[in-house]
Protein chains: 2
Amino acid sequence: MSLTNASPLDAAKAAKSASHVLATLSTSARNDALTAIHAALTASRDEILAANARDLELARQAAADGKLSSSLVARLDLGKKGKYDDMLKGILDVRDLPDPVGKVTLRTKLDEGLELERVTCPIGVLLIIFEARPEVIANIAALAIKSGNAAILKGGKESTESFIAISRAISSALEKTSVPNDAIQLVTTRDVIPELLALDRHIDLVIPRGSSDLVRYIKTTTRIPVLGHADGLCAIYLEQSADPATAPDIIVDAKTSYPAACNALETLLVQDTALTTLLPPVASALAAKGVELRCDEKSKAALASALPDLKIVDATEEDYYTEFLSLTLAIKTVSSLDEAITHINTHGSHHTDAILTSDKAQAEQFMSAVDSSGVYWNASTRFADGTRYGFGTEVGISTNKIHSRGPVGLEGLMIYKYKLRGQGHVSAVYGEGEGKKRYLHQPLPLE
Amino acid sequence: MSLTNASPLDAAKAAKSASHVLATLSTSARNDALTAIHAALTASRDEILAANARDLELARQAAADGKLSSSLVARLDLGKKGKYDDMLKGILDVRDLPDPVGKVTLRTKLDEGLELERVTCPIGVLLIIFEARPEVIANIAALAIKSGNAAILKGGKESTESFIAISRAISSALEKTSVPNDAIQLVTTRDVIPELLALDRHIDLVIPRGSSDLVRYIKTTTRIPVLGHADGLCAIYLEQSADPATAPDIIVDAKTSYPAACNALETLLVQDTALTTLLPPVASALAAKGVELRCDEKSKAALASALPDLKIVDATEEDYYTEFLSLTLAIKTVSSLDEAITHINTHGSHHTDAILTSDKAQAEQFMSAVDSSGVYWNASTRFADGTRYGFGTEVGISTNKIHSRGPVGLEGLMIYKYKLRGQGHVSAVYGEGEGKKRYLHQPLPLE
């Protein structure tokens with residue numbers, strides 16, 4: 001890892017060049033680099049924590065002056081119990097995942113001696129922009145090296161000292177491996193983000209890790225593909241045949257188990273015929289957890305009559321477009337499955353949406369028609385997560401319509417190339433006409 | 001298909017809405033629509049050819065006035081022997097391809113009764129911008145419907161009458177099917193391309209089919225992902241151990257079998273130790289086909305001494321960045337495999353590049369290190385083509401680094417979603433702590 005004061009353009013060119021070397025390294029060469037990084041970060045623990053303490057000191061002053069939120073200060077602290085060890089363990093976890101590089105996904109015999117192969121390979125150069133959490137840099141360096149991608153990292157300025165200390169340790173570790181130092185570059189100069197985002201010839205993918213404002217800014221600023229999501233406006237449709245025994249639990253879990261998460265529930269759609277049956281126990285359970293309910297007229301009327309003591313706020317149209325990220329829930333009455341689907345497709349953020357129903361046909365229709373990366377039947381939206389899906393790691397959650405969608409594991413950092421191995425084959429001899437050869441197009445086993 | 005005079009925004013919104021219906025249609029519903037389109041275009045043949053004749057008449061006048069190239073006029077002619085029948089056959093060919101929608105690519109049991117499934121689904125709304133060839137519209141409508149995507153089509157103005165006649169026939173056919181009419185929309189109003197390219201909230205993918213100028217303009221203008229390639233600057237590296245019996249044939253095929261194709265050879269890299277052995281017969285064979293050779297000093301000297309009568313032009317640095325698309329070839333001497341790889345990665349367009357060698361290790365190194373969608377060993381670059389690869393159809397050839405790369409079949413028009421089917425499952429009960437449930441993450445068979 002080099003700590004670069006180079007111009008963004010030079011950094012990107014060096015990263016591109018390093019990516020071409022990285023793409024040719026064996027599984028063990030890349031894994032050995034992760035082992036070396038792990039050892040170096042273990043050895044440099046005191047030094048890194050001292051640097052982190054200096055960042056923390058400045059951040060605490062800034063928080064005292066009201067210039068920084070205290071939650072940000074908390075996220076900065078690498079000395080917190082277990083955090084440093086988790087960072088170290090994360091590197092070995094990534095190392096021990098299956099190698100995503102070089103997987104053969106198609107093999108076809110085009111003709112005798114002419115074999116086509118589609119093989120996974122790294123994308124090239126990643127630009128990863130993240131905010132303050134200093135351990136993210138180690139996690140990202142590990143993901144990039146494991147997947148054979150070069151990466152340019154730009155972190156939040158509050159963690160500068162920590163980043164520099166970590167990147168020195170990583171850099172010294174890489175010196176002894178076959179991973180080029182320029183493969184992972186930390187950019188610490190200020191205000192370079194706009195310049196980096198303009199380098200679409202050299203940078204292949206941007207991964208923003210941070211607030212939705214950061215993601216939205218990046219998505220509207222660059223022509224480089226962006227892997228991520230700005231919003232997580234998740235909905236649940238409570239259909240009249242939903243199981244009354246599980247519906248309140250699912251909705252409470254989706255709304256309250258981590259309200260600030262992107263996969264938390266923001267809008268509850270209720271079928272009109274369920275307003276007096278299913279909704280009241282759901283509303284009671286939510287209220288017991290301190291959730292503020294913002295209701296349309298029909299749901300308000302139903303709840304007011306069933307639960308006269310319940311506090312209800314009138315919903316505005318704006319509420320149905322809002323990602324509250326807090327203990328607030330918008331509730332809306334719909335008359336049919338179609339209305340629920342249309343609401344979600346036009347108001348949601350295409351992240352994760354669920355239907356609660358005992359009717360299989362309606363559930364399948366919902367899952368086909370809702371245009372989101374996750375479509376669930378009788379389960380909490382909070383399952384949308386790479387670790388929960390069993391991917392071993394999570395690069396991010398994407399609401400893109402191409403490449404990668406939903407929770408993205410290492411696979412999302414890969415593309416493929418076609419290798420064609422011939423024995424002097426030329427194209428002009430093949431065709432439909434007389435005397436022309438025909439392609440065999442015979443599928444070959446993938447092993 | 002609707003022929004729309006709606007604003008680009010209204011057209012895109014209607015297409016998005018139609019895409020949500022299209023995504024839920026069964027295989028047979030989509031195939032039936034293609035059968036109906038085939039029947040309608042068969043029945044309307046005379047009317048469509050009459051409209052095409054009117055386009056041709058205007059185009060011939062424009063050509064006579066020097067305002068249009070005669071090759072464009074030739075491409076307009078739908079009445080040319082076999083062309084209409086080919087267009088009709090193409091629709092049935094697409095219909096008979098395997099359904100790309102609903103393929104299960106991952107299944108995991110997260111817990112008892114909680115199953116995760118990754119399923120292929122359409123991307124949504126495609127914007128397809130193409131030039132004059134009128135038969136493209138039928139081909140694209142077929143690809144879109146087969147893949148469950150809505151499409152907005154904008155064709156070159158020279159074919160307006162033909163497009164309108166074809167779209168009327170398609171529209172009347174769709175009336176009797178379950179595919180919504182708005183799923184395929186032809187935009188004929190002028191100058192709407194910039195407006196359409198700004199609609200990144202409603203349009204999910206742009207596919208330009210036309211000149212590299214068109215593609216380059218679109219790639220630099222829009223934030224919507226673009227599937228395609230602006231340039232095809234393909235290289236072959238002639239290594240010293242290449243088979244002298246096949247090398248000239250491969251290079252002649254790559255350069256001359258269709259010089260205007262994107263997969264045609266533009267730069268020949270020759271190892272210095274092969275200048276006097278392998279290069280002269282290659283140069284003779286190329287010259288016999290009328291290829292102009294633009295050589296660096298070393299290759300020029302070698303050829304001048306071996307073939308004194310051969311006409312050679314001095315190459316400029318610019319020539320190694322040029323896609324000639326004609327019978328011109330740039331030749332450059334390199335001293336090693338590494339130099340060849342670096343040249344290709346820095347000068348090429350990441351389309352298709354080949355190495356001619358008998359050395360397997362060098363071939364494999366070349367195929368790993370060259371950052372192109374196609375990397376070939378002892379075969380002509382001209383094989384880079386969806387039909388030749390056996391994909392049944394070709395949406396385009398992509399030099400993108402994400403989503404789809406190389407020749408793109410129907411697969412490139414697909415993304416996936418995660419379906420999670422539970423029985424009232426909530427997330428908060430899982431975790432590492434005591435009393436918490438563990439995920440099973442058990443892979444399930446795909447069929």
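Computed from a predicted structure; not experimentally measured. In what follows, every chain begins at residue 1, and chains take the letters A, B, ... in the order their sequences are listed.
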Taking B:Asp338's backbone N and O only, do any of them form a donor-acceptor pair with B:Thr342's side chain (distance below 3.5 Å, no angle check)?
yes

Can you tell me how far apart CG (A:Leu337) and CD1 (A:Ile355) are? Round to the nearest 0.5 Å.
5.0 Å

Is A:Arg223 reaching over with its side chain to a backbone N or O of B:Thr220, donor-acceptor style, under 3.5 angstrom?
yes

Please answer whether the main-chain N or O of A:Val21 pairs with a side-chain N or O of A:Thr24 as donor and acceptor at a distance below 3.5 Å.
yes

Which of the residues A:Leu227, A:Thr352, A:Asp385, A:Ile250 is involved in the greatest number of heavy-atom pairs with chain B at under 4.5 angstrom?
A:Ile250

Between A:Thr221 and chain B, which part of the residue has a heavy atom less than 4.5 Å away: side chain, backbone, both or neither?
backbone

Options B:Pro225, B:Ala354, B:Pro407, B:Gly390, ranked by heavy-atom pairs under 4.5 Å with chain A, top entry
B:Gly390

Ranked by heavy-atom pairs below 4.5 Å to chain B, first place among A:Ser404, A:Ala247, A:Ser372 goes to A:Ser404

Greatest number of heavy atom pairs closer than 4.5 Å to chain B - which of A:Ile402, A:Thr246, A:Leu440:
A:Ile402

Rounded distance (nearest 0.5 Å) linking atom NZ of B:Lys401 with atom NE2 of A:His403
11.0 Å

Looking at CG of B:Asp243 and CG of B:Asp249, how far apart are the two atoms once the value is rounded to the nearest 0.5 Å?
9.5 Å

Among the options A:Ala363, A:Ala23, A:Ala369, pick out the one with the most heavy-atom pairs lying under 4.5 Å from chain B.
A:Ala369

Would you mind checking which part of B:Tyr416 comes under 4.5 Å of any heavy atom in chain A, side chain (CB onward), backbone (N, CA, C, O), both or neither?
both

Largest heavy-atom contact set with chain A, pairs under 4.5 Å, which of B:Asn345, B:Thr108, B:Leu110:
B:Asn345

